[in-house]
K.L.:
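Let me begin by handing over the structure; questions about it come next.
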There are 2 protein chains.
Amino acid sequence: MEEGTSKSPGYCTGTEGDYTARQWDGREDCEVRQILDRIADKWSLLVIALLDRQSLRFTELRREVDGISQRMLTVTLRQLERDGLVHRTVHPVVPPRVDYALTPLGVTLHHTIQSLVHWTESHLDEIAAARSRYDERAATPVPAATGPAG
Amino acid sequence: MEEGTSKSPGYCTGTEGDYTARQWDGREDCEVRQILDRIADKWSLLVIALLDRQSLRFTELRREVDGISQRMLTVTLRQLERDGLVHRTVHPVVPPRVDYALTPLGVTLHHTIQSLVHWTESHLDEIAAARSRYDERAATPVPAATGPAG
DNA sequence: CGGTATCCGTTCTGATACTG
DNA sequence: CAGTATCAGAACGGATACCG
């Protein structure tokens, strides 16, 4: 059962001025935060990506993701199914067969996260460079130099 | 700083030769996932959102987020700074003052995550409904025979 | 094959105390 | 005011065993 559902009608803001940046609060009371954290899950993103334009069965998904354990795949699938992003079809056959596919809602989410993935791919190099710079700064015992200002 | 040193999760190390994910590019997949997992962090998203078009000092950020602990704010800020998304400015004054602001790279990320937030906001109702339906199904002891079938 | 429940280690997170 | 170091509890996640 969810928590804090009756607290805020929509947003859970409290201290806002004129910016649109503070739409959400850091508390779990905010549904946006909760859902965002869910769909941004490492496994969820991967599953949604794999289910794009095709349905896969349990073992197929497991093969595609490979690194995921059976437990996490089940948990992830259940969460996505609960959120109405993935549809689960059970075939009553002797060798059990279960197919998973994106719902229309899941498809729309796929488009959105693709933008985020695209950004990440486009800036992999920049982030890597930034990390290298930061790593050197962290490794530096003392900068010694007073700065380029003088 | 125990979590300051990020190690490989073990998923994308040593298996870069057998990626079957057709959506993303082979070994880049793990990097994408790593960065994605970082920027999709609950606190990171909030900090980036708050720093949009303005710079804030440590206490100001703490007041805005409020629910975050001093420790997590520091950790989050360090990670964002390391990834080149947030710039840290230290003022050598008697009352210590440190300002945080988005870098140009951070600004571009802000635009992207806003899309994700927008999607979440737009589909809050659908997800809530889906969860309600799923919750009822979970509460069902046993579906027994299918209704319309028999 | 698909799924669940349990055990156990790892990671994350918050509260606290201390420094400059 | 800003930051660091440490500890304890919670949550996460993997491996295993077992069921339909």
Side-chain angles (χ1 to χ4, degrees), chain A residues 3 26-28 33-34 37-38 40-47 55-82 86-101 137-138 142, chain B residues 1-13 15 33-34 37-38 40-47 55-82 86-101 134 137-138 141-144:
Chain A
E3 64 292 312
R27 295 168 298 186
E28 278 71 25
R33 263 253 47 86
Q34 183 189 3
D37 197 53
R38 184 58 56 201
D41 188 71
K42 53 164 44 166
W43 300 125
S44 297
L45 278 175
L46 199 50
V47 169
S55 65
L56 295 173
R57 35 193 309 198
F58 192 84
T59 43
E60 288 175 337
L61 275 172
R62 200 177 173 187
R63 289 184 52 176
E64 296 284 353
V65 183
D66 191 56
I68 196 173
S69 62
Q70 186 169 341
R71 171 188 165 83
M72 286 315 297
L73 181 56
T74 301
V75 171
T76 301
L77 252 20
R78 286 288 179 278
Q79 289 172 345
L80 293 177
E81 184 191 2
R82 182 170 181 264
V86 166
H87 182 67
R88 180 169 174 263
T89 305
V90 181
H91 301 278
V93 293
V94 178
R97 182 191 177 99
V98 179
D99 287 294
Y100 292 92
R137 294 170 66 95
V142 53
Chain B
M1 199 172 295
E2 57 272 47
E3 55 265 279
T5 307
S6 302
K7 64 178 288 296
S8 301
Y11 168 67
C12 50
T13 54
T15 55
R33 267 191 37 256
Q34 181 188 5
D37 197 54
R38 183 64 56 201
D41 188 71
K42 59 175 5 176
W43 300 126
S44 297
L45 277 174
L46 196 52
V47 168
S55 65
L56 295 173
R57 33 194 312 198
F58 192 84
T59 43
E60 288 175 338
L61 275 172
R62 201 178 171 186
R63 285 174 61 112
E64 295 283 353
V65 183
D66 193 56
I68 196 175
S69 63
Q70 185 169 343
R71 172 187 165 82
M72 286 314 297
L73 181 56
T74 301
V75 171
T76 301
L77 252 19
R78 286 290 180 280
Q79 289 172 344
L80 293 177
E81 184 192 3
R82 182 170 183 262
V86 166
H87 181 67
R88 179 169 173 264
T89 305
V90 181
H91 301 278
V93 294
V94 179
R97 180 189 179 101
V98 179
D99 287 293
Y100 292 93
Y134 185 89
R137 296 170 65 92
V142 55

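Below, chain A is the first sequence line, B the second, and so on; all start at residue 1.
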K.L.:
Take the protein atom CG of B:Leu73 and the nucleotide atom C1' of C:dC12, then report the distance between them rounded to whole Å.
P.N.:
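In whole Å, C:dC12 C1' lies 16 Å from B:Leu73 CG.
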
K.L.:
Provide the closest heavy-atom pair for B:Val90 versus B:Pro92 in the form atom of the first, atom of the second, distance.
P.N.:
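Of all heavy-atom pairs spanning B:Val90 and B:Pro92, the closest is O-CD, 3.5 Å.
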
K.L.:
From CG of B:Asp99 over to P of D:dC1, roughly how many Å is that when rounded to an integer?
P.N.:
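Taking atom P of D:dC1 as the reference, CG of B:Asp99 is at 14 Å.
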
K.L.:
Quick one: salt bridge (Lys or Arg N to Asp or Glu O under 4.0 Å) partners of B:Asp99, sequence neighbours excluded?
P.N.:
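Applying salt bridge (Lys or Arg N to Asp or Glu O under 4.0 Å) to B:Asp99 gives B:Arg97.
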
K.L.:
Could you tell me how far apart B:Gln79 (CD) and D:dG3 (P) are, to the nearest whole angstrom?
P.N.:
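Value for this atom pair: 15 Å.
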
K.L.:
What integer distance in Å separates A:Leu77:CG from C:dT4:C1'?
P.N.:
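These atoms are roughly 14 Å apart.
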
K.L.:
List in chain and number order the residues that pass side-chain contact (heavy atoms from CB on, under 4.5 Å) with A:Arg71, two or more places apart in sequence or in another chain; answer none if no residue qualifies.
P.N.:
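Applying side-chain contact (heavy atoms from CB on, under 4.5 Å) to A:Arg71 gives A:Ser69, A:Val75.
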
K.L.:
What is the distance, to the nearest angstrom, from the OH atom on A:Tyr100 to the P atom on C:dC1?
P.N.:
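In whole Å, C:dC1 P lies 15 Å from A:Tyr100 OH.
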
K.L.:
Output yes when at least one side-chain N/O atom of B:Thr59 is less than 4.0 Å from OP1 or OP2 of D:dA2, else no.
P.N.:
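For D:dA2, OP1/OP2 do have a side-chain N/O of B:Thr59 under 4.0 Å.
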
K.L.:
Who pairs with B:Arg88 by salt bridge (Lys or Arg N to Asp or Glu O under 4.0 Å), at least two apart in sequence or on another chain?
P.N.:
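Not a single residue meets the salt bridge (Lys or Arg N to Asp or Glu O under 4.0 Å) criterion with B:Arg88.
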
K.L.:
Whole-Å distance between D:dG3 C1' and B:Arg78 CZ?
P.N.:
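Computing the B:Arg78:CZ to D:dG3:C1' distance gives 7 Å.
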
K.L.:
Using rotation axes that map the C1' atoms of four end pairs onto the next four (five pairs an end), what angle separates the end axes of the helix from C:dC1-D:dG20 to C:dG20-D:dC1, to 10°?
P.N.:
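The angle separating the two end axes equals 30°.
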
K.L.:
Can you tell me how far CE of A:Met72 sits from CG of A:Leu77, rounded to the nearest 0.5 angstrom?
P.N.:
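It comes to 11.0 Å.
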
K.L.:
Using atom names, set out every protein N or O paired with an N or O of nucleotides 12-20 of chain D below 3.5 Å, distance rounded to 0.1 Å.
P.N.:
| from | atom 1 | to | atom 2 | distance (Å) |
| --- | --- | --- | --- | --- |
| D:dG14 | OP2 | A:Ser69 | OG | 3.2 |

K.L.:
Rounded to whole Å, how long is the line connecting atom CZ of B:Arg97 with atom P of D:dA2?
P.N.:
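Nearest whole value for this atom pair: 8 Å.
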
K.L.:
Distance from A:His87 atom NE2 to A:Tyr100 atom OH, nearest 0.5 Å?
P.N.:
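OH of A:Tyr100 is found 11.0 Å from NE2 of A:His87.
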
K.L.:
Name the one of B:Leu56, B:Ile68, B:Thr76 that satisfies side-chain contact (heavy atoms from CB on, under 4.5 Å) with B:Leu61?
P.N.:
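Output: one option passes, namely B:Leu56.
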
K.L.:
Expressed in angstrom and rounded to an integer, what is the separation of A:Leu56 atom CG from C:dC1 atom P?
P.N.:
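Rounded to whole Å, this separation is 16 Å.
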
K.L.:
CD of B:Gln79 to CZ of B:Arg82: how many Å apart, nearest 0.5 Å?
P.N.:
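Here the interatomic distance stands at 9.0 Å.
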
K.L.:
Using the test side chain to side chain donor-acceptor pair (under 3.5 Å), find all partners of A:Arg62 that sit at least two apart in sequence or belong to another chain.
P.N.:
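With neighbours one apart ignored, the set is A:Gln70.
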
K.L.:
Over all strands shown, is A:Arg62 touching base, sugar-phosphate only, or nothing at heavy-atom distances under 4.0 angstrom?
P.N.:
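No contact at all - A:Arg62 keeps every heavy atom at 4.0 Å or more from the nucleic acid.
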
